[in-house]
Each structure stands twice: as C-alpha cells, then as structure tokens.
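In what follows, a single structure is set out as structure tokens and then discussed.
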Amino acid sequence: MSQTGASQAAQDCEPDRATRLQLYRKMLDVRLVEKRAYDLFMQNLIKGTSHLALGQEAIAAAFGVAMRKDDYSFCTYRGHAHTLVRGASMVGVLGELMGRECGLMAGKGGSMHLTSAEHGALGSYAIVGAHLPIAAGAAWSAQYRGTQQVAVCFFGDGTTNIGAFHEALNFAAVWKLPVVFVCENNLYMEYTPIGTVTAVQHPAADRAAAYALESIIVDGNDVDAVYAVAMRALARARAGEGPSLIEAKTYRHSGHSRADPGKYRPTPEIEAWMKRDPLPMYRQRLVSLSIPEAELAAIENDVRAQVDAATEAARNSRPPPVELAFTQLWADGGFAWRN
Amino acid sequence: MSQTGASQAAQDCEPDRATRLQLYRKMLDVRLVEKRAYDLFMQNLIKGTSHLALGQEAIAAAFGVAMRKDDYSFCTYRGHAHTLVRGASMVGVLGELMGRECGLMAGKGGSMHLTSAEHGALGSYAIVGAHLPIAAGAAWSAQYRGTQQVAVCFFGDGTTNIGAFHEALNFAAVWKLPVVFVCENNLYMEYTPIGTVTAVQHPAADRAAAYALESIIVDGNDVDAVYAVAMRALARARAGEGPSLIEAKTYRHSGHSRADPGKYRPTPEIEAWMKRDPLPMYRQRLVSLSIPEAELAAIENDVRAQVDAATEAARNSRPPPVELAFTQLWADGGFAWRN
Amino acid sequence: MEELTYRDAVARGIAQEMARDERVVFLGEDVALAGGVFKATGGLLERFGPKRVRDTPIAEQAILGAAMGAAMTGLRPIAEIMFSDFLAVCWDIVANEMAKMRYMSNGQVTMPVVIRTANGAGARFGAQHSQSVENWAMMIPGLKVVAPATPADVIGLLAAAVRDPDPVLFFEHKSLYGTKGHVPVGELVDELGKAKVLRQGNDVTLVALAAMVPRALAAAERLASEHGVSATVVDVRSLVPLDTATLLREIAHTGRLVTIEENPRLCGWGAEIVSIAAHEIFYSLDGPALRITTPHLPLPSADNLEDAVLPTVNRIVKEIVETFD
Amino acid sequence: MEELTYRDAVARGIAQEMARDERVVFLGEDVALAGGVFKATGGLLERFGPKRVRDTPIAEQAILGAAMGAAMTGLRPIAEIMFSDFLAVCWDIVANEMAKMRYMSNGQVTMPVVIRTANGAGARFGAQHSQSVENWAMMIPGLKVVAPATPADVIGLLAAAVRDPDPVLFFEHKSLYGTKGHVPVGELVDELGKAKVLRQGNDVTLVALAAMVPRALAAAERLASEHGVSATVVDVRSLVPLDTATLLREIAHTGRLVTIEENPRLCGWGAEIVSIAAHEIFYSLDGPALRITTPHLPLPSADNLEDAVLPTVNRIVKEIVETFD
Ligand SMILES: Cc1ncc(C[n+]2csc(CCOP(=O)(O)OP(=O)(O)O)c2C)c(N)n1
Ligand SMILES: Cc1ncc(C[n+]2csc(CCOP(=O)(O)OP(=O)(O)O)c2C)c(N)n1
Ligand SMILES: [Mg+2]
Ligand SMILES: [Mg+2]
C-alpha cells in the first residue's frame, strides 16, 4: 500500500505500551459492540437499518485514543464506532439501536444519528457529505474561542464526490481551521465500487492538492499507523497550521447495511482483506512486542463482560414514553409552532 | 503568465487570416453591444441588473468561432457575450435586456437568462455553479446519440469553490463526456478577490488533477491563444477523450454588475489590465500581420452600424403583452395547475 | 390481470417505457448493477444495457443536472434520488433550474424529465430518511407532482410521467414497496391530474395520498361500521396538476372535508385543498374542515415513537368522530 | 425616534447584537469588505474586525455548515445567504441538519443560528433572484421564520432572532431596503411569534407579510374610501411561531379572511392560515376565504410583466370587492 507521509509520522509517534493497550481495547470495544448489534438484529431486537464498522475499527480507535477529551467529532450513519471511542456508553449505543429509553437519544435519533454531546461526539449524519462543513464550523468556533480544540470528521470514500466535500475542504483550508478530515476508504459506496465512479485512484488523497493540502494515505487496518497520522494531524491543527485530509484504506467485513449481504464483492478481495483484519493483526503485533497473552485475554474478557452487561441493561430498558416524541424540537423543550 | 499546454496548442492551431478576422469581428460584436447596454442603462432603458463582459470578449469570441454550429453552450448571468457569439441576434439580446417583445425570450428571462436554443445557446444560469452539471448532461446526450456535438460551459473563478463544480467535473470525467469547462478567471467574484477565498492560486487549473484532467491555463485576453486551446479541447471531446477544464485569465473593465463601480480594485491593477485590453491588442496584431487598416475599419463600421440598427429596432419594439406572463410554464403553452 | 408488488411495478413501468422509446435513459446511485437499494430496479441493466441504465457517483446535483441537460437535448431521462430527503442536496437543480427553464426561455426549451424518489416513513429510518416531502415540490411552479398508492398506479402514472413533456416528481412510498395489487396485462398508461374516488359516502370526504390511502380506506370502514359515518375516500394521486373538479365535487357532496397527510402540518397539500374549498365551495361546507397530519415534527426513529406521530387508522377515526361531535 | 432605512436597520440590528454579545459572529459572501451587495452590512467589518465579520467563498453549504457547527459549540452566528433563491443550494443544511439536530439528539444540541436573506420580487431580477420562499422554511419542522416589514421590525426581530436559541430564518424583503421608518433610540428587542394589528375594521381581515403589508394597508384605505368596506390589516411578521391567537381573533371579528401573499399559490402560508380558520373558527366565517397570491408561476423579468403577476393594490381591491359581490 502506497503511503505518503504516514511512515514518517509513524516514526515520530511510535505509541508506548499503555497507548497500545488502549488502542487494542478501543478496537475491541467497537468490534464486540458491532457484533452484538448484528446479533440483536438477527433477533429482531433492532429495527430500521444499521451500518456496522466491522473491519474498520482501527481508524476510529486510533483517533479515539489520539484525540483530546474536549475535541469534537463528527461522523456518518456508520458511526457506532466513532461514538463509542469518544467515551459514549455501550448501553447508550445499544439502547439507541434498540429504540429504548436508555439510548443516547432515548430512541429519537436511532442508529444513524448517534450523538453524545458530553463526549464531544457532535452527531452522526445520514446525508452524505453534510457533516464536513459542519465540522469545519465547530473548528471555526474553536479557533475563534482560542481553545485549541480540534474537530475530527469521519466519512467514506463515496463522500468525496459530493459537493459538500469540496466546499468544506476549500473553506477549511482558506480559514486555516483546526479540522481533520478522515476518509475511510472501504472501496465501496453502498454496493458500487468507488473506482467506477471516481476520476482519480485515491478519492481523497488525490484531491488534497486541490486545497493545497498534503496528500496523506494510511493503512487504515494498522492502528499504530493511523494513530501516528492522527497525532500529526491533530498537532498541526492545534498549532494553528490548518486542516488535514487523511485517506485511510480499509474494508468492511459485512455489507453496507443491515439489508445487504455484500455479495457484489469478489471472493478473493474479501479473503485478502480478511487476512488483514485489524484486530488479529494487532494482537499478533502486541504479542510480538512481548505483551503477555494473559494481559490481552484480560482485556478481552473485560470488554466481553461489558458488552454483555450493556446488552442486558439495554434489553431491560423500556421503550421511550410516547410523550417523548413531542419534546425537544425547540430549546424550550416543546414543539409548539403556534400560540 | 504561466501557460501549460496552451503554447503547444497555439502552434498546432495557428488561425488563418479569415479565422482571425472572424475572431476580431466577434470580439467587436460583444464589445459594442456591451457598451451599448451600458449606455442604455444610463438612459434607464434597461431595468434590473446586468453583468457586462467588457474586457473578457476574447474568450467568448474564440469559442464562438471554434465551435461547431450544433454544439451546445451554457453560460452565466454574465452571458451576453456567450449568447451573441453563437449567433443570437443583437436585437434579440438588447431587446431582452430592455424587456421588449423582440427580446430573445420576449422579456420573460431578462439579462441574466439569455437563451437562444436555435443557436445551441442553452441558457444563462444565475445560480452560481448550477449549469456545470447541466452542461455535462447535454454532453451525455450528445455522447448517447453519437452526434459528436460538444457542450461548452463558461463560468467564473468564484464558481470553482461551490459544490456543483466538483460534482460536475468528477461526473464528466468518469463518464468521459464531451464537455469543455471554461473558467473565466477575472480575479474577482462580486467584490471579493478570488485569492482571498480560494485555497490554491489557480482556482480551476490547480483543481484539474483532482479529476485526472490536464491543468490548462491560457491568456484569456489573447484571442488566438484561447482559440488554440478551444480547438484542442473541442477536438479531444469529439474524439471521445472526455472533458477539459480550461482556466482563462482575464479582467473585467467595469464593476461586477450595474450597481457596482468596481472601486475595490487597486488602480495599478486596473491600469495594467487596461493595457492588455483584448481588442486593441488584437487589432495591433492583425495590423502587424499585414491586414490592411481599411479592412479592419470596414468591420468596425459594419458592427457599429449593426449595433445601432439593433438598438433602434429594440427601442421600437413594444413591451411584451401582459398575457405573455401567463404562458409557457408547461409544454402545452399554459400555466394551469388544476382542471 | 396479475399480482405484482409495488416494488416490481417500478421496474415494470420503467421497462415498459424504455422498451417503447430509445430516448428514455435511467440513472441513479446503485440503480444498475445492484438493482437499487429498494430492489425496485432489478433487471433493467441486464435488459437495456449499461448505455441506458447507469450507476452514478454520490452526487445528486450531478445526477439531476445530467438529467436536465439530457432532457433539454433530446433524451427523456428518468433519474432516481434514492431517498426523497436527499432532494435537499440538489434542490437548486429541481426548483430553480428544471422548473423554471421553459418559462424563462419563453418556451424555447422543453424538459421531459422524471425524478423518481422513495418518500415517506414507517421503516424506522429516523429523521433524515423518512420525510414526506411532496409539498416541497408542489410549492414550486413548473413541477408536476405524482404519488401513486398502488402497483397499477405506479406503472400507469410512471408511464404518463415519462411521456409528459414537463418535469415530473414521482414520489414512491417506501412503506408501500412490499404491498401487492392487481395489474392488467399489457401496456399501461394513465393520465396525470386525475384523482380517484375509491369509496362513495354521504357524510364526510376523506382526501388522502400514497401510504395514507389504505389508512383512509380502513378508517372509512371503521367509521361506517362503528360510528355510522359514511365516508367518501379520494386518492389525490396527482398534486400537480390537481384534479380540483373531482375533489370539489366530492367535498361538496358530503359537505365535510378531511385531509389525511403524512407530511408535517405547516403548508401541507391539505392546506391548499382546504383553502380552495373554503374559497370556491364555502357555502357547500357544513362544518369545520379537518386536517390530519403528522405533527409538525421531525420523525423519531424508535418504532413506538414513529407509530405515535404518523396518522394511524385509530387516530384518523378518533379525530373525525371528535370533529363530528 | 429617528428615521432609518430598512437597509440601515439591518446593519444597526446586527451591530446592536454584536456589541452586546461576543459570541455573535457574522459571515457571508461580500458582507465584510464590500458591506454586502445590498449595502445592508456596511461598517460592521470596520467596527467589529475581521475575526467577527467574515467574507466567505461562494459556497453556501460551507457558509451554513460553518454557522451550524459554530452554533453547536458556543457561538451565535448570523449567516447571510445573499438571495433567498440560493437557499436551494444549501437546503440540506437548513432543512435536514439545522432543523432536526436538536430533536434527533433529544435536546443534547442547541442551535442558536440566524440566516438572513434577501427575499422577494420587484427589482426586475428575473426568476432566479426574485422568489418569495418563506414557505420553504415554514414547511420544515424545527425552523423559526420571520419576515419584517419595517425598519423597526428589522432591528427588533433580528435582535430577538439572534437571542433565540433555535434556528431562525430571517427574510428581508429586497424591495423594502430603500424604505424608511421611525425607529426608537436605544436598544430594540422584539419578540418572535407576535402578529401586529395595523388597522382595525369590521368587514374583512387582510393578513399580509413583508412587502405585501404596505400594499394591504393601501388597499384597506381604498376599500374604505371607494367601496365602503372596512378592513382590518394584520402583519403576520412571524410565520413560526405563528400568532394564531391574534389572527383568529381578528378573522373572527370581521368574519371574512383574505390572505395577501407574494409567494406563488400552491402551499403558501396563506393556505395554512385559511386551513386553521376553516377548522377552528368555521362558524365565525361569514363567507368564502380569499387568497391573493402571485399566480403559480416563476417571475418574469420585464417590468410590465413582473408588475402584472405580483399582487398590486389594484388587484387586491378588485379581488376583494368581487368576492364580496
Ligand atoms: C446525499 C446522499 N446521497 C445518497 C445517500 C445514500 N447513501 C447512504 S450511504 C451511501 C454510501 C456512502 O458511501 P461511503 O461514503 O463510501 O461510506 P461508507 O458507507 O462506505 O462508509 C449512500 C449512497 C445519502 N445518505 N445521502
Ligand atoms: C449559489 C450562488 N451564490 C451566490 C450568488 C451571487 N453571485 C452572483 S455572481 C457572483 C460572483 C461570481 O463570481 P465568478 O464566478 O468569479 O463570476 P464573475 O461574475 O466574475 O464572472 C455571486 C457571488 C449566486 N448567483 N449564486
Ligand atoms: Mg465506502
Ligand atoms: Mg470572477
């Protein structure tokens, strides 16, 4: 995989042992919650749609560890991962998927709109491209207030062809905003390969120059590598040097959404990528770095127990009271449009 | 002025004598009609707004000569030039500006929406960026029908920062559409210098690579140079090789629109560009190429007479009958939304 | 006659028109190779080939711009906007360009384009994938607006839309894709601008659209059997052109008007119909007009919440009975 | 008291709020250095500096996206969309994002943002620069919608909008920028959601907005002097929240309702008001409700054509007199 800048950064930001364990844990958090979400679908306990990040955990995890607590993040309908890594509770996420009162938004938003403002997770956006300019706005606000906060914005490869991408990138570059745009290139939009509808090979990286930005490609399945570029981009933003655009190559293990078995993908492609599953790959690296198996197993058991407990809690939570549907349109809590 | 590809093309497509006289005549057509439009404003015979192409004539003229009669063109509110060079009558244009029945659209469109479908001038669009994807659509239709027609789309530098630009460019590149995108970079949007709101130096050319297109910059005040790049781009499109994006550097002599005296522009900048006025520049070249003064004077007199005649005809045309306001919403000629 | 799903009727309708007229082309996201995310356009690529059935980038302005440019130059494109909510990202092309071009050019340009889109709620998709936005289109002079409630109407109205020389917004209802209905064999072509009287009553006229049509019919049954109220049910089908002749006749007949709208309250099409009746047949109205709508709210995602805001048969019956008291 | 133009009232209103609250920032195309294309924002850059008053690229999605992101994180942005027609290019941010974010997040996020924009016809700008699109906003749950008719209302309602914690669409009417009015000295803050009764009559209630308000008043004069019809005139001012209490009271008082809308006919705000009256005070209505609107057409450019389609004082008087016959 071609990498620009990333290997350099990887050297600068070799994570220490504790950081590595954090990275592993965050990936596991996502992996096991997403798997559980899948199971809950099968049991018809989750309705509507849902877009899993299975296979793409390394990107969210790396940023989750690299970001400051008060940074802002913006993500898409495929946003369970990005919300969890900021610190949102598993009960809140699973409960929201199940449409329960304990959900992050008490069932009003659903799987595609996870938001946890107290953790800086400022929303999951289900209209492709919309959140890029919004993330730029949060970065503008940080710049204006002089807080050194950074806004991180996650999106897919397919998003690079829509107008809002272009407007946000130029705007952020011109205003030198502290925002990091992270393109998770998983090779597909819904069912259509990105290569068939994009004029360039690297849909984000090959556009960076159009905004006078560095072209950055990183192996999105290597959590250390993503962590390194994340640290560099965040530092750049905090230093007032402006936005970054990062393209992380990755692959989703399942289909686009609940409804999609993902059959349009060639078997050899799937197999090749499954060999590069970020979790076993990273586990192996940790072992090879002399981290004891037992320590890893302890983390795994812990996360598994947390997911089980969260599932139980979400299951036991009641559906939101119907009156809730009629609240919080306005800041006064209500929904009146007349007197 | 930096030029990529253009000088090469200029050598390939050195215009012959007759073509040069055509180029000169078309520039004059535009210059004198625009000047007349200005005068008519001063006499309050033109209402509303109007955006003149004074100083930018070379670009429209070059394309007007280079294009095939059945090609399509799309332009902006600053579109008198692009409409005239396709062959639309001066009476039709001036009449439309004056809101007379003889206007191209009988006063229903106005200055910002000149359209002459019989000449392939498929509209002037007043929402920045909108016509780029529409031009791509006309090109798609030509490709589908196998007619070797090309769609040419003119727009300003400010347009390169809006989403529709990005969507249209990628779409046209992926579908290899026979469309030529022509950015007339006159250094300003309305009153704001393009450099202050754009991440790159050349707002169009520096984005070409984002669509796997060649970066093309041309001196937009040198009609021969524009003609050369136009011929090359049109040939490429007709050969099925896909779209081109051309950035032509130019300058408007007056303000953005009727309401604008253009005072925000530094005097040295204006003076430098006035020295490069495409008309006297080209006249000098023609003289230096041994074209007799008398021949040029004859053209000048002829165009002047045409503009005078057109002005008279437009003045004498009556305002559109009021009933016309209630026609042509639908293809049945009417505007009924109910039975 | 044959049984067909609403979903399959979409592909059937498109195929019927593509087979008839080479100028008909079809484009959208995931519509070709994948057969559409609602599986409503399967088989078209195979039958008509990649020149006529085309996948696009995620770029709705490009999709509709391309459709518009093609329509202006001799083709008759059908463009899919996957969810009607996404019309917001390309609203300029719809509302400012397609709708106005013929008028501005004083008839120089013709715009035979159809925009198909999945509209409406019921799938627990949340606020950005569930809206009923047919009013967005109805508000714009220059757009025709159609919303079929049955498989037969999908085919017939789609054919009419494709053959129409003006831009037509064609709102399919995503909660109806799985429903079935009888469809005559052979070519089917309907007419835009005709409402359908589905049930004739004497006490009240229910005017409904798309997914609210079956609910209106069910409510009418209940009103009759449980409350002795005899209801007419009219399926509007076409918002522009609007069949005011049928609507006003049926409203005048019962003297009472109830509109049943899935869209949120403010400026809904029901308001327009009420305002026409209040002007033109004021003296035939025997009592207050009633609008039953989704409250003026975005759509919540949880199933019980979504069910609580959409007009249900229960709510329709209840509100009507209350107004009559 | 002092005389001020509607145009100058805009800058005054913005300045009042920027001086009061550092969180108020202002962005848009050509708004800073050039003082706005309508010259309505002159002097703000000089007074508040380039950190708070900012020129942007031509990128309306970026402008409103930036405003939204800033509003979510502690600022109170005022964003200008130069002409209201251009809302179409950023409609997703307005209708799907700003409007829904608080609701979807169940109140986690607050959205104190104001979008100012020049609305309406009369300048011979043609179909893409003359629309009245306040209904586009009224239709969307989650947006507040204001349209002032006088300089004092510009300041007072703008201040109220800036201080409001929810997204407010603020429609300035471009044909009013040159008009003058009296404005009290000192800070001016109004309240959203209050209609104003400008004239009290007994025979008919005229409900108008923005540029139609002076026309309604002039029509009321003529109705009184030439036709012996005594008219109430209400300036709606705020479409959301809507002051139904005042409206229904005034309509019930005269028993006759006429709405005067600049927007094209279908799904206009007048329809909404008629539908409320036809439901809630049906038995107080003495005769047909009348809506006077621009016909359902794009706007033509030629002066005589534009004048022919907009509601004029003549037409208002004529249509009302006809309905009364
Ligand atoms: C404006 C818009 N167009 C289309 C869609 C439908 N849609 C949802 S996800 C998706 C694919 C997005 O692909 P990508 O950006 O690569 O993200 P991924 O799902 O692969 O993470 C599409 C087309 C949408 N939500 N919004
Ligand atoms: C979407 C949109 N935003 C803003 C405007 C207002 N506007 C009209 S022309 C213009 C400047 C355009 O600049 P440029 O593209 O450089 O073209 P030029 O006028 O210089 O030819 C602007 C901002 C518009 N018409 N449409
Ligand atoms: Mg993808
Ligand atoms: Mg320019």
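These numbers were taken from a predicted model, which means no experiment stands behind them. In what follows, every chain begins at residue 1, and chains take the letters A, B, ... in the order their sequences are listed.
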Is there side-chain contact between Thr56(D) and Val197(B), with at least one heavy-atom pair below 4.5 Å? no
Return the CG to OH distance between Asp30(D) and Tyr264(B), rounded to the nearest 0.5 Å. 8.5 Å
Indicate yes or no: at least one non-hydrogen side-chain atom of Thr198(B) is less than 4.5 angstrom from one of Pro57(D). no
Among the listed options Leu33(D), Asp85(D), Asp303(D), the residue most often paired with chain B at heavy-atom distances under 4.5 Å: Asp303(D)
Is the count of non-hydrogen atoms from other residues, nucleotides or ligands lying under 6.0 Å from Phe41(B) atom CZ greater than 12? yes
Could you tell me which portion of Ala336(B) (side chain, backbone, both or neither) has an atom closer than 4.5 angstrom to a non-hydrogen atom of chain D? neither
Does the side chain of Glu190(B) reach to within under 4.5 Å of the side chain of Glu29(D), using non-hydrogen atoms? no
Given the options Ala325(B), Gly110(B), Pro320(B), which has more heavy-atom pairs under 4.5 Å with chain D than any of the others? Pro320(B)
Measure distances from Val128(B) to the heavy atoms of chain D and classify the residue's part below 4.5 Å as side chain, backbone, both or neither. side chain
Determine whether Gln128(D) and His113(B) make a side-chain contact, defined as any pair of heavy atoms from C-beta on separated by less than 4.5 Å. yes
Go through Gly99(B), Ala130(B), Gly48(B) and name the one with the most non-hydrogen pairs under 4.5 angstrom from chain D. Gly48(B)
Rounded to the nearest 0.5 Å, what separation is found between the NZ atom of Lys47(B) and the OG atom of Ser301(D)? 10.5 Å
Decide if atom NZ of Lys180(D) counts as having more than 12 heavy atoms of other residues, nucleotides or ligands within a radius under 6.0 Å. no
For Leu305(D) and Pro321(B) the tightest heavy-atom approach is CD2-O, 3.6 Å
So, the part of Phe326(B) with a heavy atom under 4.5 Å from chain D: the answer is both
Using a 4.5 Å cut-off on heavy atoms from C-beta on, say whether the side chain of Tyr191(B) contacts that of Asp55(D). no
Between Ile162(B) and Ile58(D), is any pair of side-chain heavy atoms under 4.5 Å apart? yes
First locate atom OG of Ser111(B), then atom CZ of Phe125(D), and finally report the distance between them rounded to the nearest 0.5 Å. 10.5 Å
Can you tell which part of Leu299(D) gets under 4.5 Å to a heavy atom of chain B, answering side chain, backbone, both or neither? backbone
Smallest separation among heavy atoms of Phe335(B) and His296(D), with atom names: CD1-O, 4.1 Å
Under a 4.5 Å heavy-atom cut-off, does chain B meet the side chain of Ala123(D), its backbone, both or neither? backbone
Residue pair Val89(D) / Ile127(B), side-chain heavy-atom distance below 4.5 Å: yes
Quick one: CZ on Arg54(D) to OG1 on Thr196(B), what's the gap to the nearest 0.5 Å? 10.5 Å
Checking His129(D) against chain B: side chain, backbone, both or neither under 4.5 Å from a heavy atom? side chain
State whether the number of non-hydrogen atoms from other residues, nucleotides or ligands found under 6.0 Å of Lys263(B) atom NZ is greater than 12. no
